[in-house]
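The next block holds one structure in the form of structure tokens; read it before the comments.
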Amino acid sequence: QVQLVESGGGLVQTGGSLKLTCVASGGAFGDYVMGWFRRAPGKEREFVATTNGSGTRPTYVDSVKGRFTISRDNAKNTVYLQMNSLLPEDTAVYYCAARRGVITSSESDSYNYWGQGTQVTVSS
């Protein structure tokens with residue numbers, strides 16, 4: 001059983017930056033694909049970014065390409081989401097997720113474990 005704990009959310013102005021952190025415990029971290037998803041008020045959960053076990057194959061939703069960067073430190077069992085040039089439409093609860101295997105995925109149903117979420121609010 002893998003436990004995921006996110007942190008780093010907060011309130012930031014348009015154009016600002018935040019770095020989200022997700023620490024995993026209870027599993028072989030390098031064996032898991034890690035992903036970030038978000039849910040905005042009144043909307044469905046949305047894929048944001050994912051990366052494979054070694055962190056060499058990141059994938060992003062088009063709306064965050066060039067602004068967000070996913071990375072991981074397997075020695076620390078941690079995955080990060082660096083968010084730059086934030087926009088009001090990035091406001092959401094951000095969730096970290098883990099998926100067994102080597103194939104990255106943007107489908108939330110394919111992820112086995114989820115964190116509790118961290119709120120990101122971008123003011124205009």
Side-chain angles (χ1 to χ4, degrees):
Q1 188 78 4
V2 174
Q3 292 81 43
L4 303 172
V5 179
E6 304 100 330
S7 61
L11 173 64
V12 65
Q13 291 185 332
T14 296
S17 297
L18 284 173
K19 186 173 185 177
L20 305 184
T21 298
C22 173
V23 179
S25 60
F29 185 67
D31 291 345
Y32 288 84
V33 165
M34 298 301 297
W36 286 97
F37 292 77
R38 64 187 180 187
R39 187 192 300 271
K43 294 188 176 181
E44 298 282 322
R45 184 165 54 190
E46 175 190 32
F47 164 74
V48 176
T50 183
T51 191
N52 62 326
S54 60
T56 56
R57 293 200 303 269
T59 305
Y60 302 92
V61 67
D62 285 348
S63 61
V64 308
K65 284 180 180 176
R67 300 189 298 122
F68 290 12
T69 302
I70 186 171
S71 62
R72 63 191 295 163
D73 184 340
N74 288 351
K76 296 182 178 179
N77 288 0
T78 301
V79 63
Y80 305 97
L81 186 68
Q82 176 67 49
M83 305 186 295
N84 298 329
S85 302
L86 283 160
L87 303 169
E89 48 263 46
D90 295 318
T91 294
V93 177
Y94 282 71
Y95 299 90
C96 170
R99 179 176 189 271
R100 286 187 292 266
V102 299
I103 306 298
T104 57
S105 173
S106 62
E107 298 296 327
S108 61
D109 289 348
S110 71
Y111 285 77
N112 307 105
Y113 304 102
W114 293 83
Q116 82 289 348
T118 185
Q119 177 71 47
V120 171
T121 303
V122 184
S123 63
S124 56

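Only this structure's heavy atoms are used, side chains among them; waters, hydrogens and symmetry mates stay out. The residues of the chain are indexed from 1 along the displayed sequence.
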May I ask you to check whether Trp36 and Phe68 place their ring centres under 6.0 Å from each other?
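Here the rings of Trp36 and Phe68 have centres that are no less than 6.0 Å from each other.
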Centroid-to-centroid, Phe47 to Tyr60, below 6.0 Å?
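Centroid separation for Phe47 and Tyr60: 6.0 Å or greater.
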Test item: Thr59 and Thr51 side chains (from C-beta on) under 4.5 Å apart, heavy atoms
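Not touching, per the 4.5 Å side-chain cut-off.
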Kindly give the cluster partners of Tyr80, where membership spreads through any ILVMFWY side chain lying under 4.5 Å from a current member.
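Its cluster mates, by chain and number: none.
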If you link I, L, V, M, F, W and Y whenever their side-chain heavy atoms are under 4.5 Å apart, who else ends up in the same group as Ile103?
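Listed partners: Val102.
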Can any side-chain N or O of [X] pair as donor or acceptor with the backbone N or O of [Y] at less than 3.5 Å?
X: Asp90; Y: Val120; result: no
X: Asn52; Y: Arg57; result: yes
X: Thr91; Y: Val122; result: yes
X: Thr56; Y: Ser54; result: no

So, for [X] and [Y], which heavy atoms are closest and what is the spacing to 0.1 Å?
X: Gln82; Y: Asn84; result: NE2-OD1, 2.9 Å
X: Arg39; Y: Tyr95; result: CB-CE1, 4.2 Å
X: Gly117; Y: Val93; result: CA-CG1, 3.8 Å
X: Thr104; Y: Thr50; result: CB-CG2, 3.8 Å
X: Leu18; Y: Val12; result: CD1-CG1, 4.1 Å
X: Gln116; Y: Val5; result: OE1-CA, 3.8 Å

So Leu86 and Thr14, side-chain contact (heavy atoms from CB on, under 4.5 Å) or not? Walk me through it.
CA-CA 5 Å; Leu86 283 160; Thr14 296; over 6 Å; no
Is it true that Met83 and Val23 fall in one hydrophobic cluster, defined by side-chain heavy atoms closer than 4.5 Å?
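No: no chain of side-chain contacts under 4.5 Å links Met83 to Val23.
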Transitively linked via ILVMFWY side-chain contacts under 4.5 Å: Leu87 with Leu81?
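No, separate clusters.
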Could you state the interatomic distance from [atom1] ([X]) to [atom2] ([Y]), rounded to the nearest 0.5 Å?
X: Phe29; Y: Arg72; atom1: CZ; atom2: CZ; result: 4.0 Å
X: Cys96; Y: Glu6; atom1: SG; atom2: CD; result: 5.5 Å
X: Ser108; Y: Arg45; atom1: OG; atom2: CZ; result: 4.5 Å
X: Tyr111; Y: Ser106; atom1: OH; atom2: OG; result: 7.5 Å

side-chain contact (heavy atoms from CB on, under 4.5 Å) evaluation trace for Asn112 with Val2
CA-CA 9 Å; Asn112 307 105; Val2 174; over 6 Å; no
Partner set under salt bridge (Lys or Arg N to Asp or Glu O under 4.0 Å) for Glu46, not counting sequence neighbours
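Checked Glu46 against salt bridge (Lys or Arg N to Asp or Glu O under 4.0 Å); matches are Arg38.
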Which residues pass the side chain to side chain contact (heavy atoms under 4.5 Å, CB included) test with Ser7, not counting sequence neighbours?
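Per chain and number, Ser7 pairs via side chain to side chain contact (heavy atoms under 4.5 Å, CB included) with Thr21.
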List in chain and number order the residues that pass side chain to side chain contact (heavy atoms under 4.5 Å, CB included) with Ala98, two or more places apart in sequence or in another chain; answer none if no residue qualifies.
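With neighbours one apart ignored, the set is Leu4, Tyr32, Met34, Tyr113.
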Please list all pairs meeting salt bridge (charged side-chain N to carboxylate O under 4.0 Å, His left out) that have one or both residues in residues 92-101, counting only residues at least two apart or in different chains.
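Those involving residues 92-101 do not exist here.
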